[in-house]
Number of protein chains: 2
Amino acid sequence: METTPTRTDSCGAPPHPHRRPEGQDSYTISEVVAFTGLTAHTLRWYERIGLMPHVDRSHTGQRRYSNRDLDWLDLVGKLRLTGMPVADMVRYAELVREGDHTYGERFELLEATRRDVLARIAELQDTLAVLDRKISFYADAERVRAYEGEKVR
Amino acid sequence: METTPTRTDSCGAPPHPHRRPEGQDSYTISEVVAFTGLTAHTLRWYERIGLMPHVDRSHTGQRRYSNRDLDWLDLVGKLRLTGMPVADMVRYAELVREGDHTYGERFELLEATRRDVLARIAELQDTLAVLDRKISFYADAERVRAYEGEKVR
DNA sequence: TATGGCCTTGGAGTGCGCTCCAAGCAAGCG
DNA sequence: CGCTTGCTTGGAGCGCACTCCAAGGCCATA
């Protein structure tokens, strides 16, 4: 891990299909759309608000995304699933851009997010219990109805 | 369970603090605000959009919430946590208002929600793994820094 | 009687996260 | 050459879930 000197966030991302090897990793925006499920609008918007770490351009000014950009988008996707506000992700992106001396702050931000995720999982499991209680109530009601139907017949 | 004849959704809600016994259960909007954490605006809005099952009024036209209303708000709160759109909750409320013959549809709606919640928990656990990987990366970096500091001293 | 507190309404406004639009440029093809 | 496809931009618009506002009613206490 961490083969490049600085201004990076890499630390063990899993391999990904349809991805070209280092050196030839140059994807158009529509390829990235296909990989990530985001729209081109959203990708450009992410860049405008500072959520992307400077994307390369072709000689004609078109965006060319690298493997590292895809890794970053994977992380952003995960963080988005946690419900983290975009503003916080932008903050994290800024910390990454600022260099290695922000490790501590990044650590804290991720720790806080981790706590949020744990809390959210707990909430959801709580909700699941309520849901299961109601579902079995309705399932019972169905069974009773079926039984009553049988009796009539 | 299900002591009242129809047009109800009750099926085993846990007891709740600061709640008055049946018969004297008549809460002002500000009491409900204190119980639920919702704003009065939101409570009135829920009613306007058909998410509440008709709230009682005092002789002067002020809202008087019952224990059943509080139960309903608890459920709505849980469903909201799952990310269920308000429109879907309104649909569920409509089914409850329509009576017992909608049991099947309610069952399906809850089942679908249950599947969503399970998927969401899985996503979050996935994210948690990513987070943990990054967090331990930064924690290691901190340890190395501390060690380097020691060496210099 | 007046002051304050709590409530009422319809409708307008807000913040977030996109989502889309119009106008235009560059490359490839028949 | 004209046409299509894919990309570019700044800025406007949208849907959701609230959130707030202005204007007013009711009533208890001083």
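Note on naming: letters A, B, ... go to the chains in the order of the sequence lines (proteins, then strands), and numbering restarts at 1 for each one.
- Taking every side-chain heavy atom of A/R57 into account, D/dT8 is the closest of D/dT8, D/dC27, C/dC7.
- Between the CD1 atom of B/I49 and the P atom of C/dT9 there is a distance of 15 Å, rounded to whole Å.
- Under the side chain to side chain donor-acceptor pair (under 3.5 Å) criterion, the residue pairs touching residues 76-90 of chain A are A/K78-B/D126, with sequence neighbours excluded.
- At least one side-chain nitrogen or oxygen of A/T28 sits closer than 4.0 Å to the OP1 or OP2 atom of D/dC7.
- Phosphate proximity of C/dC18 to A/R80: present, with a side-chain N or O under 4.0 Å from OP1 or OP2.
- Taking atom CG on A/D56 and atom P on D/dC7, their separation rounds to 16 Å, with Å as the unit.
- The CH2 atom of B/W45 sits 5 Å away from the P atom of D/dC18 (whole-angstrom rounding).
- Distance, A/L43 CG to C/dT19 P: 12 Å, rounded to whole Å.
- Closest approach to the A/P85 side chain among C/dC18, C/dT8, C/dG17 is made by C/dG17 (side chain taken as heavy atoms from C-beta onward).
- Nearest-nucleotide positions on DNA chain C place A/L38 closer to the 5' end than the other of A/T60 and A/L38.
- Considering only side-chain N and O atoms, A/H41 lies nowhere under 4.0 angstrom from the phosphate OP1 or OP2 of D/dC14.
- Taking a cutoff of 4.0 Å between a charged side-chain nitrogen and a carboxylate oxygen, A/D74 and A/R19 qualify as a salt bridge.
- Ranked by how close their nearest DNA chain D nucleotide is to the 5' end, B/R44 and B/V86 are led by B/V86.
- Remark: P of D/dA28 and CD of B/Q62 are 11 Å apart, rounded to the nearest angstrom.
- Note: A/Y92 and A/W72 have parallel aromatic rings, judged against thresholds of 30 and 60 degrees for the angle between ring planes.
- In this model, the phosphate group of C/dT8 is approached by a side-chain N or O of B/R63 to a distance below 4.0 Å at OP1 or OP2.
- Below the 3.5 angstrom threshold, one finds a donor paired with an acceptor across the side chain of A/R48 and the base of D/dG11.
- OP1 or OP2 of C/dC7 sits under 4.0 Å from a side-chain N or O of B/S30.
- The residues A/R120 and A/E123 are annotated as salt-bridged, a charged nitrogen and a carboxylate oxygen being separated by less than 4.0 angstrom.
- For C/dC18, one of the phosphate oxygens OP1 or OP2 lies less than 4.0 angstrom from a side-chain nitrogen or oxygen of A/Y46.
- Linking Ile, Leu, Val, Met, Phe, Trp and Tyr residues whenever their side-chain heavy atoms come within less than 4.5 Å leaves B/L81 and B/L70 in two separate clusters.
- Each of B/E31 and A/M89 was matched to the nucleotide of DNA chain C holding its nearest heavy atom; the match closer to the 5' end belongs to B/E31.
- Considering only side-chain atoms of B/I29, the nucleotide from C/dT8, C/dG17, C/dA26 that sits closest is C/dT8.
- Contact annotation for B/R64: no contact, since no heavy-atom pair falls under 4.0 Å across all strands.
- Residue A/M84 contributes atom CE, which lies 16 Å from atom C1' of C/dG17 at whole-angstrom precision.
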